[in-house]
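What follows is a set of notes on a single structure, which appears directly below.
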There are 2 protein chains.
Amino acid sequence: MGFDGRARVIIEGVQPSVDGGAFPAKRVEGDDVAVEADIFADGHDLISAVLLHRHASEKTPVETRMRALVNDRWRAEFRVETLGCYLFTVEAWIDHFLTWHRDLQKRAAADYDVQLLIGLEMVRAAAARAKGRDRARLEHYVSVIEGSDDAADKVHAVRSDELLDLMWRNGERRFVARLPCEFTIEVDRRKAAFSTWYELFPRSFGTFSGVEAQLPRIAKMGFDVLYLPPIHPIGKTFRKGRNNSVAATESDAGSPWAIAGHKDIHESLGTMSDFKRLVAAAKEHGIEIALDVAFQTAPDHPYVREHPEWFLERPDGSVQYAENPPKKYQDIYPFHFESGAWKELWEELRDVFRFWIDKGVRIFRVDNPHTKPLPFWRWTLHELKREYPDLIFLAEAFTRPKIMHWLAKAGFTQSYTYFAWRNTKYELTEYFKEISKPPVSDFFRPNAWPNTPDILTEYLQYGGRPAFVIRLMLAATLSANYGIYGPAFERFVNAAREPGSEEYLDSEKYEIKNWGDADDDLTELIAVVNRVRRENPALQQNVTLRFHETTNDEIVCYSKAHGDNVVLAVVNVDPHNPQSGWIELDLNALNLDANRPFQVHELLSGARYTWHGPRNYVQLNPQVVPAHIFRIRRKVRTERDFEYFL
Amino acid sequence: MGFDGRARVIIEGVQPSVDGGAFPAKRVEGDDVAVEADIFADGHDLISAVLLHRHASEKTPVETRMRALVNDRWRAEFRVETLGCYLFTVEAWIDHFLTWHRDLQKRAAADYDVQLLIGLEMVRAAAARAKGRDRARLEHYVSVIEGSDDAADKVHAVRSDELLDLMWRNGERRFVARLPCEFTIEVDRRKAAFSTWYELFPRSFGTFSGVEAQLPRIAKMGFDVLYLPPIHPIGKTFRKGRNNSVAATESDAGSPWAIAGHKDIHESLGTMSDFKRLVAAAKEHGIEIALDVAFQTAPDHPYVREHPEWFLERPDGSVQYAENPPKKYQDIYPFHFESGAWKELWEELRDVFRFWIDKGVRIFRVDNPHTKPLPFWRWTLHELKREYPDLIFLAEAFTRPKIMHWLAKAGFTQSYTYFAWRNTKYELTEYFKEISKPPVSDFFRPNAWPNTPDILTEYLQYGGRPAFVIRLMLAATLSANYGIYGPAFERFVNAAREPGSEEYLDSEKYEIKNWGDADDDLTELIAVVNRVRRENPALQQNVTLRFHETTNDEIVCYSKAHGDNVVLAVVNVDPHNPQSGWIELDLNALNLDANRPFQVHELLSGARYTWHGPRNYVQLNPQVVPAHIFRIRRKVRTERDFEYFL
């Protein structure tokens with residue numbers, strides 16, 4: 001028995017925890033972390049429990065008393081203000097003083113004498129441990145119990161809340177049960193949870209200066225992250241031509257993902273100082289530059305010459321290129337992660353991030369992380385975030401769900417999702433229910449993209465303009481993080497390379513586009529939607545997402561709430577036809593009184609309606625506007641009905 | 001990097017596991033344990049995985065290849081034949097040969113030469129490792145690849161299943177990922193999962209010989225465990241009188257739970273050799289004797305004299321008696337588990353079990369385990385089961401759910417449940433759904449009791465004879481383990497001490513009863529129900545329990561299946577009125593074809609009906625018989641319809 005069998009309290013079922021504490025749970029600065037645990041012991045004795053938390057940089061934990069909820073569940077909260085990791089654990093013990101104090105109130109007077117003696121021992125011991133005023137007050141209680149008053153009077157005196165407080169601070173904690181480990185909360189900056197991304201190919205705007213010229217337009221639309229596909233030199237060996245053709249001509253620009261130098265800049269885009277100027281200019285517009293990190297090389301990448309050990313040599317002496325038989329990608333060499341030199345390779349790849357961090361970049365979109373060893377990401381992201389806790393990594397892993405989840409657990413800050421292929425009410429409801437709630441939401445932060453340079457969905461191809469508007473509204477309100485690939489998105493570009501393909505015709509991945517100006521695009525609506533997101537904290541998180549019933553399967557209705565800020569979205573997901581129906585609000589979930597009218601304030605149009613009760617009628621014409629984004633305003637005063645809404 | 005980053009496979013989400021492996025999952029001998037895990041890696045390479053299991057007494061694990069299900073879930077099974085603990089773990093690795101083999105079939109002929117060279121390296125290395133016939137066959141494949149045949153012919157030759165098998169056995173496993181720990185399966189004997197208990201107070205039958213005289217009747221009813229409340233000397237100090245009155249008279253027998261010697265036998269019951277004879281006689285009737293272990297003492301227990309350090313002394317020198325203020329139980333002293341001598345106390349209490357084990361007892365019903373430290377049970381049960389893996393412990397913890405669950409996790413074989421208070425269709429459905437499925441069913445084995453000497457429910461008090469029949473049917477079919485307290489149960493004893501109390505009037509706990517003979521009781525029906533349980537493996541487990549819809553809220557319908565043995569129970573839970581309605585069977589769950597009739601064979605009456613499709617009408621009069629127990633017989637031949645049922 002190498003343990004103290006007198007530690008009688010059991011602590012288990014700790015939340016938040018990801019895989020029993022194997023991975024950190026994610027939060028952002030300023031969040032209140034509610035920690036819960038099952039805490040119980042034998043018999044009828046009362047338990048006291050504390051939550052102990054500390055930032056990883058601190059040694060001494062802060063103690064917060066936990067309170068019992070129902071069914072042996074306990075809770076306490078702590079606020080996370082500093083980036084990086086917090087550690088928490090729980091301690092609990094049988095609180096004999098508290099038990100004695102509770103029982104004293106139920107006892108017969110005949111028991112007072114012996115019970116006061118029992119209490120006296122505990123109070124006296126606490127007085128001996130206490131300091132200052134606490135000690136004086138505890139000694140006062142000792143003298144009361146020892147005094148000549150009537151036993152009933154003494155009992156009355158010790159029933160005070162003051163004595164309970166004094167004993168909480170100074171009473172002995174014996175046989176304390178502890179969790180076997182600390183649990184981790186990883187705290188990112190707020191942008192990890194709420195961000196609005198715009199992707200463009202810089203070369204289509206000439207140089208970094210051309211991109212700078214786009215910043216006012218992008219800022220006006222309300223984006224705060226500008227993500228650039230790889231800005232590096234592009235390999236010439238086996239370069240792909242337009243529409244991914246195998247044979248490139250001399251004039252073909254090649255794919256930016258055929259990288260011929262991870263620490264270099266494509267000569268036509270500008271110099272490193274041009275890049276730094278772009279980063280600075282973006283910052284002045286409230287925009288951060290996000291870089292693409294794609295760990296693969298063109299055959300003419302310097303690594304191939306300098307580190308042949310990082311690539312797999314085939315028995316015929318050739319280097320193994322990327323393939324998915326019978327498909328071959330001879331313009332791309334994957335790294336050989338089973339190389340004997342894997343450690344050096346890992347370190348070099350980590351240092352690619354460091355290189356760009358040094359140039360002022362703090363956000364990275366990682367290309368196909370699921371085709372590099374998963375343990376590599378866990379190590380790399382941990383290494384980097386330890387140094388730079390403000391880093392944000394977006395995982396572009398469109399793969400099977402468990403791998404996507406694991407990458408998020410391993411440290412990716414945000415993740416691309418299946419959103420692009422979730423179009424019906426059923427699909428959207430099931431998917432967002434899954435990813436917006438614990439356990440998934442504790443580690444997986446969705447970033448919803450209606451389109452990307454790789455993904456032009458059938459829905460967008462055949463849904464016309466309304467399809468773009470619908471997908472924008474859904475992405476922007478279902479997911480606190482979302483992004484679009486522009487100007488293709490706001491210009492409604494929807495021609496596919498061939499039927500059944502999700503590739504763009506004349507894809508910008510393989511050629512330089514000249515976007516010029518447009519008479520008509522989605523710019524203004526995007527600006528409004530993004531303003532609504534900025535002004536409504538409800539839309540800056542996902543965990544309160546709740547779907548409401550509707551009588552029409554083409555109409556999706558859902559709400560998000562953050563304190564008093566409650567937003568209700570109603571979207572017609574049919575891009576072809578007007579749809580109408582009844583929505584059935586869960587008034588309890590919205591904290592609305594069924595007997596009072598409430599106001600819904602349409603934030604796109606500014607219109608206000610008064611609704612009563614759960615059942616309300618909506619009609620949405622996709623050719624006009626396929627969605628309502630309502631702010632629900634509860635009536636807070638009754639003197640002049642319908643006038644004062646929160 | 002104190003690890004090999006080339007072990008690219010992730011293994012997680014292992015089942016069965018209780019609290020991530022902190023506790024064993026429970027099975028019984030002969031069970032097939034299906035182990036599942038999420039197994040995945042980066043990229044498109046194929047994975048191989050093995051389940052490794054061993055009995056704790058063995059060093060070398062047995063390897064079973066796992067197969068992929070869907071969504072990165074893998075499975076393999078192993079059978080547990082030996083009592084005690086089995087340990088299992090999972091290993092997985094990137095299988096380069098398998099990947100190569102799969103890809104080879106998709107490649108263009110132009111790639112054959114280099115691919116054959118790649119394969120050759122792997123086959124040659126395997127041949128060097130292999131022995132005997134495997135070596136010869138692998139060398140054959142080496143010579144084929146090295147030979148002068150056409151490349152296409154070589155590719156054809158290496159596509160053989162034989163080579164895949166040879167490479168599975170002899171191929172190199174590099175960079176193997178392992179789970180960080182072994183998971184435990186605790187294997188009990190079959191009675192742990194399927195047992196039928198009868199409780200009686202031996203003193204009401206005079207002596208152990210009187211109990212022996214009851215054995216034929218109990219065996220005829222089909223019980224296989226006879227549980228005796230404490231058989232020890234009863235304390236005289238503060239002895240309780242009839243109906244738990246504080247003042248006992250000279251003639252009062254006292255409560256058997258006021259124990260004055262845990263290793264002694266009450267003098268009026270007989271001697272130790274009488275007890276051993278009872279154990280042997282019961283065995284001849286197919287019945288095991290279960291003893292009650294209640295860790296508390298009467299004030300005149302020898303421990304109080306010999307080990308005052310095991311009891312709490314109050315400041316006035318008196319010993320702390322049991323209390324729940326303002327209630328006092330001065331006839332009972334609890335052990336002081338926070339004593340400095342806790343280790344000696346734990347060892348002595350463990351030895352109480354050992355003492356009776358030595359007398360031939362293997363089943364213990366533990367009284368109020370939730371009022372003794374929970375870690376004590378974990379240690380004690382583990383210690384005892386290591387020596388005697390055939391022990392069965394039934395936890396009498398009627399307390400909050402998390403404590404009941406924890407006791408089961410800590411090692412109790414079976415647990416009393418809330419069954420006695422689950423009367424309505426909703427209550428029964430919700431409760432048995434919860435406890436019959438993983439994760440709960442992996443550690444918690446319900447033992448359902450319609451009554452106990454402490455529990456005469458309102459339902460039994462006011463429901464008349466039908467209430468007893470209904471509760472018997474439910475207990476016997478919902479729970480593979482069940483028991484009754486008799487003869488009170490089969491004689492329909494239902495008078496409470498006072499309204500609102502669940503105590504019996506003139507409770508047998510405080511006085512000796514003379515049960516005599518009865519003209520009319522439930523004996524025959526109990527015998528039939530228990531025979532049905534013995535003859536139908538479906539009723540000997542809970543995990544396949546499934547509830548079916550009914551149109552009447554007073555009618556509960558559920559099935560259990562074990563292979564071809566499918567039992568369907570339909571119970572009217574209203575003891576006062578006949579009820580009728582439609583049941584809506586989930587034919588898929590029952591593996592029935594919607595287009596074919598099937599036979600339902602009523603096992604209580606022997607009647608047979610032919611049903612078609614999911615919807616069938618039932619009518620149940622509680623005064624006649626409130627339940628049907630059907631065996632579903634699928635038609636297996638079609639030549640002569642309606643005649644051949646399985």
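Letters go in sequence order (proteins before strands), and every chain restarts at 1. All values below come from the heavy atoms of this structure, side chains included, with hydrogens, waters and symmetry mates left out.
In this structure, no portion of B:Leu104 lies under 4.5 Å from any heavy atom of chain A. Contact annotation for A:Asn368: neither backbone nor side-chain heavy atoms come within less than 4.5 Å of a heavy atom of chain B. With a 4.5 Å cut-off on non-hydrogen atoms, A:Ala22 does not touch chain B at all. When heavy atoms are compared at a cutoff of 4.5 Å, B:Asp19 approaches chain A solely by way of its side chain, counted from C-beta outward. For chain A, no part of B:Gln105 is nearby; none of its heavy atoms comes within less than 4.5 Å. Heavy atoms of B:Asp113 lying under 4.5 Å from chain A are absent altogether. If you measure heavy-atom distances from B:Ser339 to chain A, the contacts under 4.5 Å come from the backbone alone. Contact of B:His44 with chain A is made through the side chain alone, with heavy-atom distances under 4.5 Å. Looking at B:Lys328, the atoms closer than 4.5 Å to chain A (heavy atoms on both sides) all sit in the side chain, from C-beta outward. Neither the backbone nor the side chain of B:His405 comes within contact range of chain A; no heavy atoms are under 4.5 Å apart. Only the side chain of A:Ile10 has a heavy atom closer than 4.5 Å to any heavy atom of chain B. Contact annotation for B:Ala397: neither backbone nor side-chain heavy atoms come within less than 4.5 Å of a heavy atom of chain A. For B:Ala41, the part lying under 4.5 angstrom from a heavy atom of chain A is the backbone only. Using a 4.5 Å cut-off between heavy atoms, A:Asp103 contacts chain B through both its backbone and its side chain.
Looking only at heavy-atom pairs under 4.5 Å with chain A, the residue among B:Arg174, B:Glu323, B:Arg102, B:Glu121 that has the most is B:Glu323. Across B:Leu407, B:Leu374, B:Val9, the residue that shares the most heavy-atom pairs under 4.5 angstrom with chain A is B:Leu374. Contacts with chain B were tallied for A:Asn324, A:Asp45, A:Asn71; A:Asn71 has the most, counting heavy-atom pairs under 4.5 Å. By number of non-hydrogen pairs under 4.5 angstrom with chain B, the leading residue of A:Thr399, A:Leu117, A:Leu120 is A:Leu117. Of the residues considered (A:His370, A:Lys402, A:Lys106, A:Arg8), A:Lys402 shows the highest number of contacts with chain B, using heavy-atom pairs under 4.5 Å. Of the listed residues B:Pro325, B:Pro334, B:Pro326, the one with more heavy-atom pairs under 4.5 angstrom with chain A than any other is B:Pro325.
Defined by atom type and a distance below 3.5 Å, a donor-acceptor pair is missing between the side-chain atoms of B:Glu313 and B:His336.
Checked against the 6.0 Å centroid threshold, B:Phe3 and A:Trp379 do not count as a close aromatic pair.
To the nearest 0.5 Å, atoms NE2 (B:His96) and CZ (B:Arg173) are separated by 14.0 Å. The distance from atom CZ of A:Arg378 to atom CZ of A:Phe412, rounded to the nearest 0.5 Å, is 13.5 Å.
Counting heavy atoms from C-beta on, the side chains of A:Thr371 and B:Asp42 never come closer than 4.5 Å. Between B:Leu349 and B:Phe335, some side-chain heavy-atom pair lies under the 4.5 Å cut-off. At least one side-chain heavy atom of B:Phe175 sits under 4.5 Å from a side-chain heavy atom of A:Glu338.
A salt bridge does not link A:Glu348 with A:Lys343: none of the charged nitrogens is closer than 4.0 Å to a carboxylate oxygen. A salt bridge links B:Glu12 with A:Lys409: at least one charged nitrogen is closer than 4.0 Å to a carboxylate oxygen. The pair A:Glu383-A:Arg386 meets the salt-bridge criterion, with a side-chain N (NZ, NE, NH1 or NH2) lying under 4.0 Å from an Asp/Glu carboxylate O. A salt bridge links B:Asp72 with A:Arg400: the distance from a Lys NZ or Arg NE/NH1/NH2 to an Asp or Glu carboxylate oxygen falls below 4.0 Å.
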Go through the steps for B:Phe376 and B:Trp346 under the test ring pair (Phe, Tyr, Trp, His ring centres under 6.0 Å), then give the verdict. CA-CA 7 Å; B:Phe376 162 71; B:Trp346 283 25; 5.5 Å; yes

